[in-house]
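First the structure, in the form of structure tokens, and then the observations on it.
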Amino acid sequence: MTPQKPPQPPGIPFLGHLLLYARDPLEVPRRWARDYGDVVHLRLGPEDVYQINHPDDIEQMLVKDFRKYRKDRMTRTLEELLGKGLVTSEGDFWKRQRRLVNPGFHRDRIKGYAEVMVSETRARIDGWGERSEFDVHDEMMRITLGIVASTLFGTDVSQQDADTIGSSIAFFMEYHLGIANTGIRLPHWIPTPGNRRAVKAMAALDEVIRRYIEIRRASGDTGDLLSMLISAVDDEGKGMDSEQLRDEALTLITAGHETTAVSMTMTLYLLSQHPEVEVKLHEELDRVLGDRQATFEDLAQLTYTEQVVTESMRVLPPVWGIGREAIEDTEIGGYPIKKGAQMFVSQWTVHRDSRFFPDPEAFKPERWTPEFKKQLPHYAYFPFGGGPRICVGKRFAMMEAVLLLATISRRYALRLLPGETLDLMPSVTIRPRNGLRMVAQRRPT
């Protein structure tokens with residue numbers, strides 16, 4: 001007979017497992033999964049939390065029983081930044097917004113973005129040869145922000161606006177981490193230093209986004225994503241109002257540059273630590289591209305380049321955890337789950353499970369053969385989430401990552417500065433806590 005509750009690690013009075021989790025939210029859940037099994041019962045302060053570790057149970061929650069869950073309480077705090085965009089909205093409103101946004105990410109439309117991705121990357125890396133060192137994460141953030149701004153707004157974003165967007169989003173990532181680690185969320189009207197900074201950052205970000213929306217309204221459809229959002233209508237002929245446009249535009253900017261920038265930072269770091277992988281990558285780029293730039297048509301031949309990106313997102317997944325909240329009594333893994341329970345799934349944990357990935361700590365892009373992918377359980381690998389709420393920009397993000405990696409690695413090999421280490425900060429995404437200093441070495445031509 002299945003016990004009424006899953007196994008539970010030892011905790012402490014009142015706080016339960018909160019301090020243990022906050023100490024290392026990446027490796028502690030992995031240890032819990034190893035020691036206590038596929039469903040683990042936790043107490044994070046007052047919250048009942050269930051950590052789900054098996055692909056079958058993850059698929060049940062995200063796909064088969066997705067109507068029994070909504071976004072978890074921690075994710076819902078992002079409404080302060082993203083409003084009711086696709087990441088935070090629920091129910092019929094979310095379904096309507098998803099239908100309105102989907103056409104912007106159809107294959108034929110994103111094909112036209114490939115040239116923007118390559119040209120924005122080239123423009124940034126042209127200056128690398130003149131500098132001895134730089135923060136590679138900062139460089140990736142600037143490149144991906146330029147790409148999402150061009151594809152969303154159809155225009156170059158001024159350096160001042162880019163700095164406002166980048167710094168405001170970076171602040172909110174750290175702000176969200178503080179809430180996650182302490183479990184404390186004070187209302188914005190309480191004038192703490194963090195709240196004052198949050199209000200100021202939000203006002204600056206709002207001003208930029210709303211200004212570009214008005215510019216695009218005045219100029220008409222120019223083929224960019226924002227034009228599509230402005231002109232999109234539902235079955236009743238209704239479009240998005242200004243608040244909805246603001247929320248979706250900000251959601252696309254945040255998701256569209258933050259996650260890809262993190263993915264590229266981690267990929268370049270892993271390549272610097274695995275010269276044998278880098279050699280194979282350079283061999284493919286030389287064979288497929290020669291002395292020209294990558295294009296959309298090259299993607300089908302850049303198979304090893306794609307494997308490098310895929311394996312990087314397994315070892316160091318940009319989005320490292322997914323949360324849900326049960327909105328009715330249900331069950332998972334044979335255990336009863338009460339309404340209101342918080343559910344937690346960790347890509348970091350599942351992607352490193354030796355049951356599904358032999359030698360899971362190793363960075364082995366060549367593992368991603370068609371045969372391996374065919375036998376891999378669904379939701380043993382899910383860097384973009386899954387089910388109906390899978391990331392709407394998944395295809396965009398994968399194309400962007402492959403083209404960026406090809407464009408950068410065709411010209412440079414990046415190396416860590418002596419003494420530099422990767423210190424991970426798990427917030428909404430996994431980011432380098434203090435940046436990552438590297439030097440670009442130009443490849444022989």
Side-chain angles (χ1 to χ4, degrees), residues 62 82 85-87 98 101-121 124 137 139-153 165-166 169 173 224-226 228-229 248-270 294-296 298-300 302-303 305-322 347 351 365 368 373 381-409 428-431:
L62 296 181
L82 303 177
L86 284 179
V87 168
R98 179 81 179 212
V101 172
N102 266 337
F105 293 95
H106 286 170
R107 183 181 184 277
D108 289 343
R109 192 172 188 105
I110 68 170
K111 178 180 178 180
Y113 301 146
E115 186 176 347
V116 173
M117 294 171 178
V118 173
S119 63
E120 288 283 345
T121 306
R124 189 72 194 177
H137 184 60
E139 291 293 296
M140 294 304 105
M141 291 287 279
R142 291 180 182 276
I143 289 171
T144 57
L145 180 56
I147 290 169
V148 76
S150 294
T151 54
L152 179 63
F153 297 133
I165 294 170
I169 292 175
M173 296 297 107
D224 52 83
L225 278 170
L226 186 55
M228 185 276 297
L229 294 178
E248 297 303 351
L250 189 49
T251 296
L252 292 175
I253 286 176
T254 303
H257 95 283
E258 168 78 16
T259 53
T260 303
V262 170
S263 175
M264 288 306 305
T265 299
M266 301 308 173
T267 301
L268 293 170
Y269 165 77
L270 287 166
T295 66
F296 179 85
D298 293 316
L299 292 172
L302 295 174
T303 54
T305 310
E306 182 177 344
Q307 287 176 321
V308 169
V309 172
T310 301
E311 178 72 346
S312 171
M313 290 193 294
R314 182 192 70 82
V315 177
L316 295 170
V319 177
W320 59 279
I322 294 175
Q347 285 100 325
H351 287 188
W368 291 97
K373 289 189 284 187
Y381 180 78
F382 52 110
F384 296 100
R389 301 200 66 142
I390 193 169
C391 174
V392 69
K394 173 183 176 181
R395 190 181 289 117
F396 180 103
M398 277 302 297
M399 179 178 78
E400 182 180 17
V402 172
L403 289 176
L404 264 64
L405 182 58
T407 303
I408 293 168
S409 296
V428 179
T429 59
I430 295 177
R431 15 179 39 237

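These numbers were taken from a predicted model, which means no experiment stands behind them.
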Thr429 meets the side-chain hydrogen bond (donor to acceptor under 3.5 Å, both in side chains) criterion, sequence neighbours left out, with Glu258
Minimum-distance pair of heavy atoms, taken over all atoms of Val116 and Ser119 = O-OG, 3.1 Å
Heavy atoms only: give me the nearest Ile253-Val148 pair and the separation to one decimal.
-> CA-CG2, 4.1 Å
Sorted by chain and residue number, the side-chain hydrogen bond (donor to acceptor under 3.5 Å, both in side chains) partners of Thr251 (sequence neighbours excluded) come out as none
Contacts of Thr121 that satisfy side-chain hydrogen bond (donor to acceptor under 3.5 Å, both in side chains) - sequence neighbours left out | none
Of all residues at least two apart in sequence or in a different chain, which pass the side-chain contact (heavy atoms from CB on, under 4.5 Å) check with Thr303?
-> Glu284
Find out whether Met313 and Pro318 are in side-chain contact, i.e. whether some heavy atom of one side chain is under 4.5 Å from a heavy atom of the other.
-> yes
Do Arg431 and Thr265 have side chains that get closer than 4.5 Å, going by heavy atoms?
-> no
Nearest-0.5 Å distance, CD1 of residue Ile322 to CG of residue Leu62 | 5.5 Å
Would you mind reporting whether Leu229 and Leu252 have side-chain heavy atoms less than 4.5 Å apart?
-> yes
Applying side-chain contact (heavy atoms from CB on, under 4.5 Å), name anything that partners Lys111, two or more places apart in sequence or on another chain.
-> Phe296, Glu297
Which residue pairs pass the salt bridge (charged side-chain N to carboxylate O under 4.0 Å, His left out) test when at least one of the two sits in residues 305-318, sequence neighbours left out?
-> Glu311-Arg314, Glu311-Arg367
Any idea which heavy atoms bring Ser312 and Thr267 closest together, and the distance?
-> OG-OG1, 2.8 Å
Check against side-chain contact (heavy atoms from CB on, under 4.5 Å), Ile147 and Leu404 | CA-CA 11 Å; Ile147 290 169; Leu404 264 64; 3.6 Å; yes
Do Tyr381 and Thr310 have side-chain heavy atoms sitting under 4.5 Å apart?
-> yes
Residues that Arg142 engages under side-chain hydrogen bond (donor to acceptor under 3.5 Å, both in side chains), provided they are two or more places apart = Asp138, Asp163
Between Thr144 and His257, do the side chains contain an N or O donor and an N or O acceptor separated by less than 3.5 Å?
-> no
How long is the span from the CG atom in Leu316 to the CG atom in Leu270, to the nearest 0.5 Å?
-> 5.0 Å
Looking at CZ of Phe384 and CD1 of Ile390, how far apart are the two atoms once the value is rounded to the nearest 0.5 Å?
-> 8.0 Å
Do the non-hydrogen side-chain atoms of Met140 and Leu268 ever get within less than 4.5 Å of each other?
-> yes
Considering non-hydrogen atoms only, spot the tightest contact between Glu120 and Ser150 and give its length.
-> OE2-OG, 3.0 Å
Residue list, ring-ring contact (aromatic ring centres under 6.0 Å, His included) with Phe382, at least two apart or on another chain = His351
Is any side-chain heavy atom of Tyr113 closer than 4.5 Å to a side-chain heavy atom of Leu225?
-> yes
Apply side-chain contact (heavy atoms from CB on, under 4.5 Å) to Glu115 and Thr295, showing your working.
-> CA-CA 7 Å; Glu115 186 176 347; Thr295 66; over 6 Å; no
Roughly how far apart are Leu145 CG and Ile143 CD1, rounded to 0.5 Å?
-> 11.0 Å
For residues 391-403, tabulate all N or O donor-acceptor pairs below 3.5 Å that involve a side-chain atom, not counting sequence neighbours.
from	atom 1	to	atom 2	distance (Å)
Arg395	NH1	Phe105	O	3.3
Glu400	OE1	Thr260	OG1	3.2

Only counting residues at least two apart or in another chain, list the ones meeting salt bridge (Lys or Arg N to Asp or Glu O under 4.0 Å) with Glu139.
-> Arg124, Arg131
Mark yes or no for whether Gln347, through its side chain, and Gly321, through its backbone, hold a donor-acceptor pair below 3.5 Å.
-> yes
What are the two closest heavy atoms between Val319 and Pro383, and how far apart are they?
-> CB-O, 4.2 Å
